[in-house]
Amino acid sequence: MAISRGTSTYRVRLLPSHLDRHGVVRLLSTLLDGLEPDNIQILSLARSVNPWERPPTKTATVMFGRLPTVLDSDHDEWVLESQQAGLERNIMIDTHFLGLTALNDVQSENVVFDCIALSGLASHPFGSWKQPGPKGDFMWIRDSLPKDLPEVRCIIYGYDTKLVKSESFQDIDDLASSFITSLKSAGQSSLSSNPLVFLAHSLGGIILKQSLRLLANCGEAERYILGTVRAAIFFGVPNRGMRMSYLLPMVEGRPNEKLIQQLGQGSYYLPRLREQSNGIAVLRRIRMVSAYETQRSRTVQQSENGEWTRTGPYEILVDRESAIQDGSRPSDAFPINQDHSGMVKFAEDDPSYRIVVGYMLDIWRDLKPQQKSPSAMTVHSGDDDSGEIRDQTPQPPELTSSLHTTPLATRFDEIEKVDRASFQWLYDNSELRFESWLREGHGIYWIAGKPGSGKSTLMKYIYDHRRTNEILHQWRKRRQIQVRFFFHHRGTHLQKSFEGLLRSVLYQILVQEQTLAEDLLPIYLGDRADNDIGVGLTRWSIEHLERAFTLILEQKKLPLDIYLFVDALDEYDGSHLFIGEFFKSLVMGPNSAATRVKILFSSRPWSVFNDLFGSCAGFAIHNYTRGDIRDFVTGKIRNDRQLNELLYSPHDQGRSNLERLTSEIIKRAEGVFLWVKLVMENLLRTSTTASCPHDLETIVSTFPDELEDLYVWIIKRIPASFRPETYTILEITHRSTERQSLIDYINAIQCAPCQTLHQCTDGLILKELSPEKIDDFKRFIKSRCGGLVELVGSDQHLTLQLMHQTVKDFIGKSEFQRTISGLSGAYSYENGYSFLAKYFLADLFASAS
């Protein structure tokens with residue numbers, strides 16, 4: 001059946017960001033076979049919620065007086081070929097409204113919170129919130145809410161909950177996971193993301209509560225999202241189930257039957273969800289408001305021709321007890337005199353809408369910063385008797401320091417330094433064209449490498465090496481600035497995000513050239529009215545950071561060369577296509593600008609990077625490190641008395657024995673330095689069992705070739721009685737969203753096997769560790785983890801870290817669980833989160849006692 005005419009709302013995506021409503025009308029008129037402009041009504045136009053989109057685009061909601069021919073079909077999505085209009089990207093039109101759709105625009109510095117609406121079961125993401133009736137063009141979230149709350153960005157979320165003839169077998173967990181993914185793709189895991197308030201109807205509320213549950217049990221990015229959630233208004237959400245008997249025949253034997261069963265009265269799923277999500281709301285101080293229906297709803301029944309229609313008996317679908325959230329304040333529950341579907345379809349100036357706006361205004365007041373006088377740019381000093389007015393406008397140094405964050409330099413400092421003679425081939429090998437690129441090249445130089453091949457070590461070596469500095473600054477009349485960023489997926493959010501990259505690079509540039517900060521002061525002071533007198537930005541949003549970076553790239557007053565050194569681009573926690581295209585855009589700045597950028601970066605040789613940078617200068621490191629591996633292996637052997645005695649026999653065969661063993665290790669390594677490091681550590685540990693050089697070769701032959709197979713081999717070599725502690729240490733290190741202190745790790749390991757709070761508190765160490773205790777723990781870690789975990793930091797601030805990103809990847813796979821065998825049944829079901837939780841609870845209890 002074709003879509004009904006005259007009342008359907010269409011979503012138009014990927015519109016150029018410079019277009020206003022008149023521009024959108026003209027563009028659509030051109031693309032839709034000359035449709036008269038009078039037949040095109042633009043009802044909303046807003047920037048896309050995707051902050052990574054380049055170039056940025058807008059999204060519109062549109063109605064047509066006369067349906068264009070191209071849209072007169074049974075489809076729910078269409079592609080408009082846009083080359084004729086001079087556009088690089090095609091325009092998309094749809095009626096499904098899947099994903100996140102912004103319905104209004106608010107300047108980023110003025111947003112108090114984002115309001116996201118989730119529709120219910122078998123509903124339409126947009127249509128379920130529209131006023132019913134023949135007019136059909138009023139939708140309160142789009143048409144009224146932005147007027148009543150102009151500092152709130154209104155967004156709807158669409159997902160597939162079709163019931164009839166559905167082939168989808170997704171359940172509530174799947175729907176919640178998809179929703180979280182959408183939030184992350186919209187930049188909600190950024191430190192500068194907006195607070196969140198939700199409107200959730202029916203099933204949408206259950207998905208929201210399950211999302212809160214998943215966010216509380218995931219990683220750092222999810223934790224940031226959870227931290228932004230401030231409130232939710234639930235409309236007819238079946239916390240204790242809803243009447244489903246009339247729906248079960250529709251889905252009987254279908255893939256989506258499980259979803260309906262999860263929502264029914266007597267559901268096994270809902271009680272636990274209700275308990276856990278309410279606990280999260282209390283701990284996180286998330287305000288929950290409940291609306292309940294007070295009219296019965298017409299149910300569906302199957303007609304003689306097999307169609308399902310709303311002609312069944314009237315029923316109360318979600319009763320008052322089920323709709324009200326546990327733990328909510330009595331004042332945070334209110335009735336809506338409509339049926340289950342109609343309770344969110346407000347008409348203009350509907351009394352129930354006014355109640356909802358009242359709650360949202362209350363939330364808005366809690367979140368809105370205290371306004372300060374924008375004219376208060378100077379103040380009288382209480383200690384100054386001169387009567388003069390002292391200017392307290394923030395200066396460039398304050399702007400620079402506001403960008404500084406301590407963790408950003410940590411990764412660089414943790415990377416092992418190598419001897420100056422290592423990697424010397426990089427400068428001397430003319431076929432690599434590295435030195436010539438440093439001296440006179442432009443654009444991007446890419447160092448690719450297998451996992452563990454030494455990319456980070458090489459990048460640190462290049463950045464620190466005096467020869468790099470000398471070449472870059474030879475006979476230059478322009479100002480040169482060297483900046484670095486080492487992505488670190490095992491680190492904090494700022495160490496692996498676009499936001500962290502921009503902050504770090506901007507800070508380093510401004511520290512070296514303070515005059516550039518003067519150009520950025522208007523951005524820094526842009527929201528002064530929302531801050532204390534004489535204070536700039538309280539938070540640098542991604543938009544602020546990009547604007548500041550763009551100003552530096554496009555400045556014309558200072559001839560400036562920026563040399564950007566970036567390690568581990570594959571460890572960027574986001575779209576690798578986006579970050580790759582961003583780098584390409586940096587080196588292709590406007591010709592009129594005085595700033596030029598050169599980028600040296602390293603990454604794994606993934607296809608996305610090969611497609612983007614395959615034609616750039618560069619090389620694969622694992623093809624050039626045979627000499628460095630040889631030096632490393634022979635150095636380890638010469639420094640070990642046991643190996644020396646075995647290899648250097650009385651018959652003076654030592655040189656050939658050493659050569660044979662070293663050549664075998666180099667051959668097997670295939671350029672992967674990490675494999676060599678682990679093999680040598682294990683060879684040194686097991687060499688005591690060897691009686692001749694041939695035994696050493698036999699031991700080396702037992703090591704697997706692939707890194708993950710080697711990790712399995714290392715763990716299997718750990719005595720079975722030690723493996724519960726191996727599992728505990730690896731899990732805690734893997735799951736920790738923040739680096740714990742050494743004493744925290746020791747206590748968490750102690751608490752891991754405990755079954756009671758009393759057992760946990762008995763084993764706690766509540767004082768500083770002695771040097772002897774630290775040495776004992778170092779030996780303990782080595783014996784339990786086989787080198788997969790390393791201690792980093794100074795003796796006063798030691799902590800644990802997985803020794804490489806590939807170890808983190810391995811622990812996240814099911815193979816790790818299968819490898820750790822011999823654990824007791826109950827213990828094997830726990831993970832790093834539960835181990836840490838035991839310790840934190842025990843510590844809290846002990847401190848209070």
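Side-chain atoms are counted along with the backbone in the values below, which use heavy atoms only and exclude waters and symmetry mates.
With contacts defined as side-chain heavy-atom distances shorter than 4.5 Å, the pair Val12/Val24 does not qualify. Ile225 has its side chain within reach of Ser189: a pair of non-hydrogen atoms, C-beta onward, lies under 4.5 Å apart. Between Met360 and Phe113 there is a side-chain heavy-atom pair separated by less than 4.5 Å. Looking only at side-chain heavy atoms (C-beta outward), Ile40 and Val62 come within less than 4.5 Å of each other. Side chains of Lys130 and Thr9 form a contact here, defined as non-hydrogen atoms less than 4.5 Å apart. Between Leu19 and Lys58, every side-chain heavy-atom pair lies at or beyond the 4.5 Å cut-off. No side-chain heavy atom of Leu45 sits less than 4.5 Å from a side-chain heavy atom of Asp105. Taking 4.5 Å as the limit, some side-chain heavy atom of Leu27 sits within range of a side-chain heavy atom of Pro16.
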Determine, stepwise, if the pair Gln325 / Asp332 fulfils side chain to side chain contact (heavy atoms under 4.5 Å, CB included).
-> CA-CA 9 Å; Gln325 310 298 312; Asp332 279 349; over 6 Å; no
Go through Arg298 and Asp339 one step at a time and tell me if the salt bridge (charged side-chain N to carboxylate O under 4.0 Å, His left out) criterion holds.
-> CA-CA 8 Å; Arg298 175 79 82 172; Asp339 64 15; over 6 Å; no
Would Trp140 and Gln131 satisfy side chain to side chain contact (heavy atoms under 4.5 Å, CB included), going step by step from the backbone distance to the final call?
-> CA-CA 8 Å; Trp140 61 278; Gln131 175 185 3; over 6 Å; no
Steps toward side chain to side chain contact (heavy atoms under 4.5 Å, CB included) verdict (Glu222, Leu214) = CA-CA 8 Å; Glu222 290 78 10; Leu214 293 177; over 6 Å; no
Test log, rule salt bridge (charged side-chain N to carboxylate O under 4.0 Å, His left out), inputs Arg287 and Asp362 | CA-CA 11 Å; Arg287 185 177 179 183; Asp362 199 24; 2.7 Å; yes
Side chain to side chain contact (heavy atoms under 4.5 Å, CB included) between Tyr572 and Leu501: does it pass, once the steps are laid out?
-> CA-CA 10 Å; Tyr572 168 65; Leu501 170 71; over 6 Å; no
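Counted within 6.0 Å of CZ on Arg54, heavy atoms from surrounding residues, nucleotides or ligands total more than 12; the atom is thus considered enclosed. The neighbour count for Ile316 CD1, taken as heavy atoms of other residues, nucleotides or ligands under 6.0 Å away, does not exceed 12.
Just one residue in the list Ile91, Thr59, Asn90 forms a side chain to side chain contact (heavy atoms under 4.5 Å, CB included) with Arg13, and that residue is Thr59. With respect to Phe334, the ring pair (Phe, Tyr, Trp, His ring centres under 6.0 Å) criterion is satisfied by exactly one of Tyr292, Phe234, Tyr359: Tyr359. Screening Arg153, Arg47, Glu543 for a side chain to side chain donor-acceptor pair (under 3.5 Å) involving Ser108 leaves a single residue, Glu543. For the side chain to side chain contact (heavy atoms under 4.5 Å, CB included) with Phe198, the lone residue among Asp114, Val229, Ile233 that qualifies is Val229.
Looking at Asn278, its side chain does come within 3.5 Å of a backbone N or O of Arg274 through a donor-acceptor pair. Put simply, the side chain of Glu151 never gets that close to the backbone of Gln107: no donor and acceptor are under 3.5 Å apart. For the pair Asn239 (side chain) and Val237 (backbone), a donor-acceptor distance under 3.5 Å is present. Side-chain atoms of Asp174 come within 3.5 Å of backbone N or O of Asp171 as a donor-acceptor pair. Side-chain atoms of Ser44 never come within 3.5 Å of backbone atoms of Ala60 as a donor-acceptor pair (strictly under, hydrogens ignored). Under the 3.5 Å distance criterion, the side-chain polar atoms of Ser211 are left unmatched by any main-chain donor or acceptor of Ile180. The closest donor-acceptor contact from the side chain of Asn50 to the backbone of Ala186 lies at 3.5 Å or more, if one exists at all. Listed for the Ser322 side chain is no donor-acceptor partner under 3.5 Å among the backbone atoms of Asp319. Listed for the Arg230 side chain is no donor-acceptor partner under 3.5 Å among the backbone atoms of Pro195. Side chain of Ser290 to main chain of Ile324: no donor-acceptor pair is present (N/O by atom type, distance under 3.5 Å, no hydrogens or angles).
In summary, the aromatic rings of Phe64 and Tyr10 are positioned with their centroids under 6.0 Å apart.
Aromatic ring orientation, Tyr157 versus Tyr159: parallel (interplanar angle below 30°, classes split at 30° and 60°). Using bins of under 30°, 30° to 60° and over 60° for the plane-to-plane angle, the ring pair His340/His201 lands in the tilted bin. Aromatic ring pairs are classed by plane angle as parallel below 30°, tilted from 30° to 60° and perpendicular above 60°; the pair His544 and Trp540 is perpendicular.
Closest non-hydrogen pair, Ile42 versus Arg21, comes out as O-NH1, 2.9 Å. Among all heavy-atom pairs drawn from Asp76 and His96, the shortest one is O-CD2, 3.5 Å. Across all non-hydrogen atoms, the minimal contact from Thr61 to Arg142 is OG1-NH1, 3.2 Å. Nearest heavy atom pair, residue Pro51 against residue Ser185, reads CD-O, 3.7 Å. Considering all non-hydrogen atoms of both residues, Val49 and Ala102 come closest at CG1-CB, 3.8 Å. Across Pro150 and Val106, no two heavy atoms sit closer than the pair O-CG2, 3.6 Å.
Note on Arg354 versus Asp148: salt bridge recorded, some NZ/NE/NH1/NH2 to OD/OE distance being below 4.0 Å.
Here the CG-CZ distance, from Leu103 to Arg11, works out to 10.0 Å after rounding to the nearest 0.5 Å. Remark: Glu546 CD to Phe582 CZ distance equals 6.5 Å, nearest 0.5 Å. Leu15 contributes atom CG, which lies 11.5 Å from atom CG of Asp20 (distance to the nearest 0.5 angstrom). Interatomic distance, CG of Leu208 versus OG of Ser277, reported as 8.5 Å (0.5 Å rounding). The distance from the CG atom of Asp173 to the OG atom of Ser178 is 10.5 Å, given to the nearest 0.5 Å. Between atom CD1 of residue Ile155 and atom CG of residue Leu199 there is a gap of 11.0 Å, rounded to the nearest 0.5 Å.
Under the 3.5 Å distance criterion, with hydrogens and angles disregarded, no donor-acceptor pair is assigned to the side chains of Gln338 and Ser352.
Annotation: ring-ring contact (aromatic ring centres under 6.0 Å, His included) contacts of Phe97 (sequence neighbours excluded): His124, Phe126.
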